[in-house]
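Being a predicted model, the structure only gives us computed values, none of them experimental. Residue numbers begin at 1 in each chain, while the letters A, B, ... track the order of the sequences. Side chains included, hydrogens not; waters and symmetry mates left out as well; all remaining heavy atoms used.
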Protein chains: 2
Amino acid sequence: MQRGQESPDAVRIRTLPVQVAAHLTRRIVSGDIEDGRAPSELDISQEFGVSRVVARETLKILASLDIVDVAQGRRVVVRPRAEWDYLSPLLIEWLPTEIVGELLQELHQMRVLLEPELAAMAAASITEETLDRLKTELDRMSALEADPDAYLEVDHEFHMEICRAADNRILDRIMYSARWLGTASRRITNEAPAGLCRATAEHAEIYEALVARDPEGARAAMRRHLSNNYSTLIEEKGKQTKRAARRR
Amino acid sequence: MQRGQESPDAVRIRTLPVQVAAHLTRRIVSGDIEDGRAPSELDISQEFGVSRVVARETLKILASLDIVDVAQGRRVVVRPRAEWDYLSPLLIEWLPTEIVGELLQELHQMRVLLEPELAAMAAASITEETLDRLKTELDRMSALEADPDAYLEVDHEFHMEICRAADNRILDRIMYSARWLGTASRRITNEAPAGLCRATAEHAEIYEALVARDPEGARAAMRRHLSNNYSTLIEEKGKQTKRAARRR
DNA sequence: GAGGTCCAACTTGTCATATAAGCTGCTGAC
DNA sequence: GTCAGCAGCTTATATGACAAGTTGGACCTC
């Protein structure tokens with residue numbers, strides 16, 4: 001009766017163009033398609049047995065990720081990998097885990113640079129309503145420590161709330177992309193978040209600094225939080241590497 | 001909609017879907033389309049006199065900018081403006097100038113946070129080849145002070161080179177996405193009479209710190225450079241506002 | 001009347017075919 | 001050797017048809 005209750009792990013059915021784009025991207029990454037020459041609409045429709053419409057939308061998707069260049073009359077060309085849109089969760093899903101792992105660290109590096117400043121900015125201009133919402137989320141988090149997935153949902157919302165309070169659409173957009181990136185990569189690596197208990201305490205510290213409208217305090221609290229995050233990230237990566245090594 | 005109906009000053013010929021997407025976005029921004037209800041494929045194809053294929057691609061474009069949500073069977077819905085992809089050059093082109101002006105300042109705020117750190121990171125790991133390229137660009141800039149447009153090209157390349165040297169694909173992508181606005185803001189600032197001369201000196205300072213592999217120095221030099229940029233940006237904005245007021 | 005089932009209408013997803021328009025590289029004239 | 005021009009490739013757009021998913025209301029049950 002009630003709809004819209006998709007479980008987080010629900011295998012979302014993706015459209016044909018997305019599936020084909022995933023295949024092609026993986027082939028490009030693996031070096032199966034030589035740089036500079038990508039298949040045309042006709043090639044794609046024949047090889048994958050789809051209509052030209054689907055082949056066309058596939059190329060549009062790849063173009064929107066800056067993976068290829070498409071123009072009328074010209075052949076499709078693969079763009080340099082350095083220019084691909086690594087902020088897109090779609091692309092991240094298609095990349096091999098070792099690259100995703102690297103990107104995760106680079107993502108964290110970005111968060112370390114931005115989030116403490118965002119917290120400081122937020123402390124200067126945060127509203128009572130936002131503080132109320134943060135408090136609510138704080139309570140929900142401490143109640144959800146047994147359910148990592150649900151916890152992470154609220155965790156992200158907590159961080160995004162602070163980001164929004166900083167009142168900068170560019171920075172907000174960046175963190176919004178980062179949020180999806182984080183969940184996408186977590187889905188790939190299937191990595192269990194650790195240290196939820198500690199995280200809650202750290203969130204509380206950030207909240208207190210915001211309530212006090214103390215930019216320095218908020219910056220410092222956020223910085224502590226992220227540096228703790230980083231250690232667990234590294235630990236988890238270590239475990240993964242070991243697991244991967246054992247599998248060989 | 002026939003092919004020659006673009007506005008006269010539109011230099012680049014854009015595809016039909018892009019043109020229609022521009023129209024629709026402007027209508028949404030102006031409040032002409034009530035939030036939460038966007039036109040369907042059929043509505044679009046009838047109203048603009050285009051085929052369903054074009055209407056469809058239009059919606060795909062809007063969806064890729066997070067302006068709308070599209071799913072099979074469901075009606076198209078307009079997403080909250082706070083979640084639109086303000087990092088996309090397409091969207092920016094379609095927004096009214098006052099919003100673009102605000103975004104310009106928000107972008108600058110982001111650069112102030114990121115670029116000094118990028119410079120510091122680069123100083124720690126920069127290669128001789130990159131330093132050589134930076135030197136070349138430095139020379140070209142001082143030779144191009146009479147030609148603002150060409151100067152800006154090299155200016156941009158200089159900043160991106162440093163960004164690339166920091167060796168972080170996420171941060172690189174962010175700065176790359178911001179390229180359009182970066183050049184836009186730099187074009188404005190460098191319209192100021194003494195702008196280019198001072199900018200060249202500041203670039204040289206950054207370069208020297210990188211050669212010395214001095215993170216602190218590079219960070220400080222970049223910070224000075226950006227804060228100078230900012231003062232001229234504010235001045236220019238003031239002038240523009242006055243001009244606009246006079247025109248009324 | 002409240003609550004649930006089911007279907008018809010609407011919407012997006014995909015297919016097939018045809019034509020227009022733009023680019024590339026080769027041919028052939030000079 | 002140079003360059004105009006054409007042939008053959010490519011993407012862009014149009015049209016019509018059907019598949020598949022959603023929505024909202026009619027209708028049925030209790």
Side-chain angles (χ1 to χ4, degrees), chain A residues 1-7 10-24 33-79 90, chain B residues 1-6 10-24 28 33-79 90:
Chain A
M1 42 182 61
Q2 298 292 38
R3 296 172 316 92
Q5 290 193 353
E6 325 157 10
S7 73
V11 182
R12 273 188 300 173
I13 290 140
R14 327 217 76 153
T15 61
L16 238 41
V18 172
Q19 295 177 46
V20 177
H23 270 94
L24 281 178
I33 293 177
E34 54 179 319
D35 275 18
R37 287 208 60 177
S40 69
E41 284 185 11
L42 216 68
D43 294 336
I44 294 173
S45 67
Q46 285 172 355
E47 176 175 348
F48 290 88
V50 296
S51 73
R52 252 195 71 206
V53 176
V54 169
R56 185 176 175 66
E57 284 194 5
T58 297
L59 286 178
K60 291 285 183 196
I61 291 172
L62 295 181
S64 80
L65 297 176
D66 286 341
I67 296 175
V68 300
D69 258 336
V70 179
Q72 183 171 0
R74 273 200 286 253
R75 271 201 293 258
V76 181
V77 294
V78 178
R79 298 188 57 177
L90 217 44
Chain B
M1 183 189 284
Q2 296 298 345
R3 263 212 160 259
Q5 282 194 351
E6 317 157 18
V11 182
R12 274 181 300 175
I13 292 146
R14 325 217 78 154
T15 63
L16 240 40
V18 172
Q19 295 177 48
V20 176
H23 271 93
L24 281 178
I28 294 173
I33 292 177
E34 56 178 320
D35 275 18
R37 288 205 60 175
S40 68
E41 285 183 5
L42 216 69
D43 294 336
I44 294 173
S45 67
Q46 286 171 354
E47 176 175 347
F48 290 89
V50 296
S51 72
R52 238 196 84 200
V53 177
V54 169
R56 184 177 176 66
E57 283 195 6
T58 297
L59 286 178
K60 290 286 181 196
I61 292 173
L62 295 181
S64 80
L65 297 175
D66 286 340
I67 295 175
V68 299
D69 258 337
V70 178
Q72 183 171 1
R74 272 202 285 254
R75 272 202 292 258
V76 182
V77 295
V78 177
R79 299 188 57 176
L90 261 192

Check the pair B:L59 / B:R56 against side-chain contact (heavy atoms from CB on, under 4.5 Å), numbers first and verdict last.
-> CA-CA 5 Å; B:L59 286 178; B:R56 184 177 176 66; 6.0 Å; no
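- Taking both residues in full, the closest heavy atoms of A:A55 and A:E41 are given as CB-O, 3.3 Å, listed atom of the first, atom of the second, then distance.
- We find that CG of A:D43 is positioned 13 Å from C1' of D:dT11, with the value rounded to whole Å.
- A:R52 has its CZ atom 12 Å from the C1' atom of D:dC9, to the nearest Å.
- Each of A:V53 and A:A71 was assigned the nucleotide of DNA chain D with the nearest heavy atom; the assignment lying further toward the 5' end belongs to A:A71.
- Here D:dA17 presents its P atom at 14 Å from CG of B:L42, a figure rounded to the nearest Å.
- Atom NZ of A:K60 is separated from atom P of D:dT11 by 10 Å (rounded to the nearest Å).
- Using a 4.0 Å heavy-atom cutoff across all strands shown, A:V54 reaches sugar-phosphate atoms only and no base atom.
- A straight line from CG of A:L16 to P of D:dA19 spans 16 Å, rounded to a whole angstrom.
- Note on A:R56: every side-chain N or O is 4.0 Å or more away from OP1 and OP2 of D:dT11.
- Candidate nucleotides C:dG13, D:dA14, C:dC23 were compared by shortest atom distance to the side chain of A:R74, and C:dC23 ranks first.
- Rounding to whole angstrom units, CD1 of residue A:I44 and P of C:dT14 are separated by 14 Å.
- Put simply, the side chain of A:Q72 and the base of D:dA12 share no donor and acceptor less than 3.5 Å apart.
- In this entry the distance linking CZ of B:F48 with P of D:dT13 reads 15 Å, nearest Å.
- In this structure, the CD atom of A:Q46 is 12 Å from the P atom of D:dC9, given to the nearest Å.
- Nearest to the side chain of B:E41, among C:dT12, C:dT14, D:dT13, sits C:dT12.
- Using a 4.0 Å cut-off, no side-chain N or O of A:R75 falls inside it from OP1 or OP2 of D:dC9.
- Which of D:dT11, C:dT12, C:dA16 sits closest to the side chain of B:S40 comes down to C:dT12.
- Looking at A:R14 and A:L90, their side chains come closer than 4.5 Å, going by heavy atoms from C-beta outward.
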Hey, mind stepping through A:L24 and A:F48 against side-chain contact (heavy atoms from CB on, under 4.5 Å) and telling me if it holds?
-> CA-CA 10 Å; A:L24 281 178; A:F48 290 88; 4.1 Å; yes
Step by step, would you call A:V18 with A:I61 a side-chain contact (heavy atoms from CB on, under 4.5 Å)?
-> CA-CA 7 Å; A:V18 172; A:I61 291 172; 3.9 Å; yes
